[in-house]
Q: 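Okay, handing you the structure first.
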Amino acid sequence: MAYDKMYNLLELAIWMQSNREGVSIQDMMNRFSVARRTAERMRDVILDEFPQTQVRVGENNVKRWYIPQGTLKDFIQFSAEELVAFEKAIAYLQANNMDENSAVLQKILEKIRANIVDKTYRHIDTDAEILLEAEGFAHRVGPKIIVAKEIVQEIRHAILSFRQIKISYKNKSSRHIRTYQLLPYGILYGDRNHYLVAKHSDGYGGNKERYFILSNILSIELLEETYEIDSNFSLKALAEQSFGVFQEKPFEVEWLFDKCVAEEVKRYEFHPKQSMQENPDGSVTVKFFAGGRLEMDWHLYTWGDRVRVIKPEDWYEKKS
């Protein structure tokens, strides 16, 4: 059997053990980009090699196969590349002031290392060390906002348990300290600041989502009162309305980049729903629909005179 087929079968077996709901034939077809008959053959091989495999019948009578936990304990191992990916992800999170997230990944990495078979551990660990030295991670240079880990942790607890919070908050403009009772919806991480997205419990502000700078939250209390998140709310959709984090009414954006930076521009995603077009003269046009004029200004500044704002047409007039 060809190496790639063996690799796919092992990947399928691991997937079938990790997915408690089971894996359908259609799932296999989609993941491995194979025809139905091939997917059925793959399933049959798994059934032959792992007779413990069980089947569930789900919605619309769709059969889903799964392998009981522990069956593959002697087959699943980790590579140096996978360990390095974790190390780099941890380093990135730490460099971007997301220490709480990096701590969680660090614990997962420690559990992975603890489950590596002794006879292969030294070899993999040595390879991982070599890769880390060969693939340098550039920490972001410059100031960054310090956010108390306890604040983020309590917000997470509140979100997971659907409990309201009371915060002591220093207003950025007035510097006054106020107390707010909030329904926490999520956290948005930005380049300059990180924000708590929440609604006022009393409906203040038209029951719209509000932004609170995490570093300006002085204290937080987890309350007994619970809440329900609006079923139409999506943190991802909310973030996509803006160029950065700051929310304002979206508008049509069109940037024209000089041909001398065209190749660099092509490697960027300025917005998840952007369109990019290379023009006959070698320049590149980028279009998207979003708010966040100030954050766009901050980013455009990094391109100097190599970019021109075509839309909004009054961009430069508003700045003068």
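Residues take their numbers from the sequence shown, with the count starting at 1.
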Q: After noting the C-alpha distance and the side-chain angles of H299 and W303, does the key distance pass the side chain to side chain contact (heavy atoms under 4.5 Å, CB included) rule?
A: CA-CA 7 Å; H299 182 75; W303 292 92; 3.0 Å; yes
Q: Looking at E40 and R43, is any side-chain nitrogen of the basic one under 4.0 Å from a carboxylate oxygen of the acidic one?
A: no
Q: List the atom of V265, the atom of M276, and the distance in Å for their closest heavy-atom pair.
A: O-CE, 3.5 Å
Q: Please confirm whether the backbone N or O of N232 pairs with a side-chain atom of D230, one donor and one acceptor, at under 3.5 Å?
A: yes
Q: Counting only pairs under 3.5 Å, give me each side-chain donor-acceptor contact of residues 52-60, with atom names and distances, residues two or more places apart or in other chains.
A:
{"from": "T53", "atom 1": "OG1", "to": "F50", "atom 2": "O", "distance (Å)": "2.7"}
{"from": "Q54", "atom 1": "OE1", "to": "Y66", "atom 2": "OH", "distance (Å)": "2.7"}
{"from": "R56", "atom 1": "NH1", "to": "R20", "atom 2": "O", "distance (Å)": "2.3"}

Q: If the test is salt bridge (charged side-chain N to carboxylate O under 4.0 Å, His left out), which one of E263, E264, E269 qualifies with K266?
A: E263
Q: Has the side chain of S18 got a donor or acceptor atom that lies under 3.5 Å from a matching backbone atom of I14?
A: yes
Q: How many angstroms lie between CD1 in I220 and CG in L196, if you round to the nearest 0.5 Å?
A: 7.5 Å
Q: Is the Y195 to F212 ring centre distance short of 6.0 Å?
A: no
Q: Using the six-membered ring of F257, assess whether NZ or CZ of R308 lies under 6.0 Å from its centre and within 45 degrees of the ring axis.
A: no
Q: Going from OG1 on T179 to CD on E221, what distance comes out if it is rounded to the nearest 0.5 angstrom?
A: 10.0 Å
Q: Who else is in L218's hydrophobic cluster (ILVMFWY, side-chain heavy atoms under 4.5 Å, direct or via others)?
A: I177
Q: Do W15 and L10 have side chains that approach each other closer than 4.5 Å (heavy atoms only, starting at C-beta)?
A: no
Q: Would you check if the side chain of N216 reaches a backbone N or O of K170 as a donor-acceptor pair within less than 3.5 Å?
A: yes
Q: Is the ring centre of F288 less than 6.0 Å from the ring centre of F270?
A: no
Q: Who clusters with I310? Use side-chain heavy atoms, under 4.5 angstrom, across I, L, V, M, F, W and Y, and order the result by chain and number.
A: L256
Q: Can you hop from V62 to W65 via hydrophobic side chains spaced under 4.5 Å?
A: no
Q: To check you understand the geometry: which heavy-atom pair defines the closest contact between Q164 and S201, and what is its length?
A: OE1-CB, 3.3 Å
Q: If the condition is side-chain contact (heavy atoms from CB on, under 4.5 Å), which residues does S234 pass it with, not counting sequence neighbours?
A: K236, A237
Q: Measure from the side-chain N and O atoms of Y211 to the backbone N and O of A198, and report whether any donor-acceptor pair falls under 3.5 Å.
A: no
Q: Can you name the closest pair of heavy atoms from S283 and K259 and give their distance?
A: N-CB, 3.8 Å
Q: Linking directly or through intermediates, with side-chain heavy atoms under 4.5 Å: list the remaining ILVMFWY members grouped with L223, chain and number order.
A: none
Q: Calculate, to the nearest 0.5 Å, the distance between atoms CE and CE belonging to M42 and M16 respectively.
A: 10.0 Å
Q: Pairs of donor and acceptor atoms involving the side chains of residues 25-32, under 3.5 Å and at least two apart or interchain, shall be tabulated with distances.
A:
{"from": "Q26", "atom 1": "NE2", "to": "N30", "atom 2": "OD1", "distance (Å)": "3.0"}
{"from": "D27", "atom 1": "OD1", "to": "S24", "atom 2": "OG", "distance (Å)": "3.4"}
{"from": "D27", "atom 1": "OD2", "to": "S24", "atom 2": "N", "distance (Å)": "3.0"}
{"from": "D27", "atom 1": "OD2", "to": "S24", "atom 2": "OG", "distance (Å)": "3.1"}
{"from": "D27", "atom 1": "OD2", "to": "R64", "atom 2": "NH2", "distance (Å)": "2.7"}
{"from": "N30", "atom 1": "ND2", "to": "Q26", "atom 2": "O", "distance (Å)": "3.3"}
{"from": "R31", "atom 1": "NE", "to": "E11", "atom 2": "OE2", "distance (Å)": "3.1"}
{"from": "R31", "atom 1": "NH2", "to": "E11", "atom 2": "OE2", "distance (Å)": "3.0"}

Q: To check you understand the geometry: which heavy-atom pair defines the closest contact between P312 and F251, and what is its length?
A: CG-CD1, 3.6 Å
Q: For atom CD of E313, is the number of surrounding heavy atoms from other residues, nucleotides or ligands below 6.0 Å larger than 12?
A: no
Q: Shortest non-hydrogen contact from I159 to Y185?
A: CD1-C, 4.2 Å
Q: Give a yes or no answer on whether the side chain of N19 reaches the backbone of E21 with a donor-acceptor pair at less than 3.5 Å.
A: yes
Q: What do you reckon, is CZ of F233 surrounded by more than 12 foreign heavy atoms closer than 6.0 Å?
A: yes
Q: Step by step, work out the side chain to side chain contact (heavy atoms under 4.5 Å, CB included) result for T38 and R41.
A: CA-CA 5 Å; T38 301; R41 290 195 190 100; 4.1 Å; yes
Q: For the backbone of K273 and the side chain of H271, can you confirm whether one donor and one acceptor N or O come within less than 3.5 Å of each other?
A: yes
Q: Can you measure from OG1 (T285) to CG (N279) and round to the nearest 0.5 angstrom?
A: 3.5 Å
Q: Check the surroundings of atom CZ in R163: do more than 12 heavy atoms from other residues, nucleotides or ligands lie under 6.0 Å from it?
A: yes
Q: Restricting to non-hydrogen atoms, name the atom on D305 and the atom on D258 that form the minimum distance, rounded to 0.1 Å.
A: O-OD2, 3.6 Å
Q: Check the pair E49 / I46 against side chain to side chain contact (heavy atoms under 4.5 Å, CB included), numbers first and verdict last.
A: CA-CA 5 Å; E49 297 298 324; I46 295 296; over 6 Å; no
Q: Begin with the C-alpha distance, continue with both residues' side-chain angles, and end with the deciding distance and a verdict on side chain to side chain contact (heavy atoms under 4.5 Å, CB included) for Q274 and K287.
A: CA-CA 6 Å; Q274 71 180 26; K287 298 179 181 180; over 6 Å; no
